[in-house]
Amino acid sequence: MFIGPRALKTLNSIERIQPRMIAATFNDNPKATIISCFSPTNVSEENEMVIFYEDLSSLVRSIPKHNLLVIGGDMNAQIGKNRNNKYSLHNASNRNGQHLIDFMIENRLTCLNTNFQKREGKLWTYTYANKSKAQIDYVFINRKWKNSAMNCEAYSSFEDVSSDHRIVTAKVRLSLRKNATRKATTKHYDWALLNNRDIRDKYALELRNRFEALQEKAEKGTPNDRYENFVETHLEAAAKCIPTKPRTKYRVPWETPPKAIERTQQTQMPEN
C-alpha cells in the first residue's frame, strides 16, 4: 500500500491481516478504512476460496458501520451483468465471480467498476496469455457512502514493469483530518533567581549529586551519552530547585494594559 505525504499525516493504523490482505484506517469525516487484498485464482481449491472470503467478511464486520470503507484488489473474479452491476465487462460470472457477488450482497458493498458507464477500453483490467482481456481487479465501497464515489475506471500505466494487470482508479470525495499533535510543554525556569545564594547553593548541590550518579552508569559511554547525561542532569536539578516563571497573558499591541485602565478609573472617580 502506497500512501502520499498528506494521507500519511492522517493515518491512524495499518495492519497485515493475513498474507492476502492488509487494512489501513485514516482520520476522516467520517473515518475511512482502506483494505487491499488479492484472492486465490479461479482454478484454486474451493476450500481455499471459502477461507479467503470468510477472513475478508470477518474483517469487514469488525469495521464500524459509520466508517467509509473502500476495498481494492485483484479478486481473480469475473462478474456478469445484472441489476446491481449494469456496466460489467462480462455477461456471465465465473465461480470466483459468484463468490464475490455473494460477498458484496452479504456486506452491503457496491462495486465501483460496474457502477459507472464506460467504454470497453476503460473496463478491462487483465490480459491472459492468449491475449484475451478480462475484468478481475475491482474497487468496492460500502453502500452507505456510495454517493461519495465520483468515478472509477481502468487505464494502462507502469508498462515498464511488464505487468499483465492494469491500474484501476477510483475517485472518492473525502475530508481528511490531520492527526492531533500534542504541543510540547516547555517549562520556563526563572534563572534570574540563581542570584539568590540559597537557591544557587541548593541547585549546585543537586546538580553535582545527580551528575555523579549518572556518570557512574555511563563511564564507558560515548560522548553523546555523556552529553545527554549533562542535559538530563540540568533539567532534573532545575525542576527540583528553580521556580518557573509566572505565565503572562499575551496582550495585543492595541489593547490598553490593565494597570493603565485601573489608574484611569481611579482618577475619574468623583470626589465626595
### Backbone of Trp124 reached by a side-chain donor or acceptor of Arg166 within 3.5 Å
yes
### Task
Provide the closest heavy-atom pair for Ser62 versus Leu59 in the form atom of the first, atom of the second, distance.
OG-O, 2.6 Å
### Query
Are Ile101 and Met104 close enough that some pair of their side-chain heavy atoms sits under 4.5 Å apart?
yes
### Query
Are Met75 and Val43 co-members of a hydrophobic cluster defined by side-chain heavy atoms under 4.5 Å apart?
no
### Query
CZ of Phe26 to CG of Leu68: how many Å apart, nearest 0.5 Å?
11.5 Å
### Message
Tell me whether Asn42 contacts the main-chain N or O of Asn96 through its side chain, where contact means a donor paired with an acceptor under 3.5 Å.
### Response
yes
### Query
Is the closest side-chain donor-acceptor distance between Thr10 and Asn27 under 3.5 Å?
no
### Query
Side-chain donor-acceptor pair under 3.5 Å between Asn94 and Gln98, yes or no?
no
### Query
Any sub-3.5 Å donor-acceptor pair from Asn113's side-chain atoms to Val139's backbone N or O?
yes
### Task
For residues Ala77 and Tyr138, report the shortest heavy-atom separation together with the two atoms involved.
O-OH, 2.8 Å
#### Entry: Lys171 with Glu153: basic N within carboxylate O range, under 4.0 Å
no
### Task
Might you point out which heavy atoms bring Leu112 and Ala170 nearest each other, and give the distance in Å?
CD1-CB, 4.0 Å
### Message
Assigning hydrophobic clusters by single linkage (Ile, Leu, Val, Met, Phe, Trp, Tyr; side-chain heavy-atom cutoff under 4.5 Å), is Ile141 placed with Phe116?
### Response
yes
#### Entry: Ser57 (side chain) donor-acceptor with Glu54 (main chain) under 3.5 angstrom
no
### Message
Using modelled atom types and a 3.5 Å cut-off, is there a donor and acceptor pairing between side-chain atoms of Thr244 and backbone atoms of His188?
### Response
no
### Task
State yes or no: do Ile22 and Val168 share one hydrophobic cluster built from I, L, V, M, F, W and Y residues joined by side-chain heavy-atom distances below 4.5 Å, directly or via other members?
yes
### Message
Looking at every non-hydrogen atom in both residues, tell me the closest pair between Arg200 and Asn195 and how far apart they are.
### Response
NH1-O, 3.4 Å
### Query
At what distance, to the nearest 0.5 angstrom, does CD1 of Ile63 lie from NZ of Lys31?
12.5 Å
### Query
Side-chain heavy atoms under 4.5 angstrom apart, residues restricted to Ile, Leu, Val, Met, Phe, Trp, Tyr: same cluster for Met21 and Ile14?
no
### Query
Is it true that the side chains of Lys202 and Asn196 contain a donor and an acceptor less than 3.5 Å apart?
no
### Query
Is His90 reaching over with its side chain to a backbone N or O of Lys81, donor-acceptor style, under 3.5 angstrom?
no
### Task
Consider only side-chain heavy atoms of I, L, V, M, F, W and Y, link residues closer than 4.5 Å, and tell whether Phe103 and Met49 are in one cluster.
yes
### Query
With a 4.0 Å cut-off, would you call Lys133 and Glu120 a salt bridge?
no
### Task
Would you name the heavy atoms of Ala134 and Gln78 that are closest together and state the gap between them?
CB-NE2, 3.8 Å
#### Entry: Main-chain N/O of Arg20 paired to Gln18 side chain as donor or acceptor, under 3.5 Å
yes
#### Entry: Atom pair CG/SG of Leu123 and Cys152 - distance to nearest 0.5 Å
9.5 Å
### Query
Do the side chains of Leu194 and Ile242 get nearer than 4.5 Å, heavy atoms only?
yes
### Task
Give the C-alpha distance, both sets of side-chain angles, the deciding distance and a yes or no for side-chain contact (heavy atoms from CB on, under 4.5 Å) between Ile35 and Ile17.
CA-CA 10 Å; Ile35 298 175; Ile17 309 302; over 6 Å; no
### Query
Is the backbone N or O of Val172 less than 3.5 Å from a side-chain atom of Ser148, with the two atoms forming a donor-acceptor pair by type?
no
### Query
With no hydrogens and no angle check, is any side-chain donor or acceptor of Asn82 less than 3.5 Å from a backbone partner on Asn84?
yes
### Shortest non-hydrogen contact from Thr33 toward Asn67
OG1-ND2, 3.1 Å
### Query
Just wondering, more than 12 heavy atoms not from Lys144 lying within 6.0 Å of its NZ?
yes
### Query
Would you call the rings of Tyr53 and His99 parallel, tilted or perpendicular, where under 30° means parallel and over 60° means perpendicular?
parallel
### Query
Hey, is CZ on Arg61 packed in by over 12 heavy atoms from elsewhere, all under 6.0 Å?
yes
### Asn76 side chain vs Ser39 backbone, donor-acceptor pair below 3.5 Å
yes
### Those residues that, when tested against Phe52, pass ring-ring contact (aromatic ring centres under 6.0 Å, His included) (two or more places apart)
none
### Message
Could you check whether Thr25 and Asn12, counting side-chain N and O atoms only, form a donor-acceptor pair closer than 3.5 Å?
### Response
no
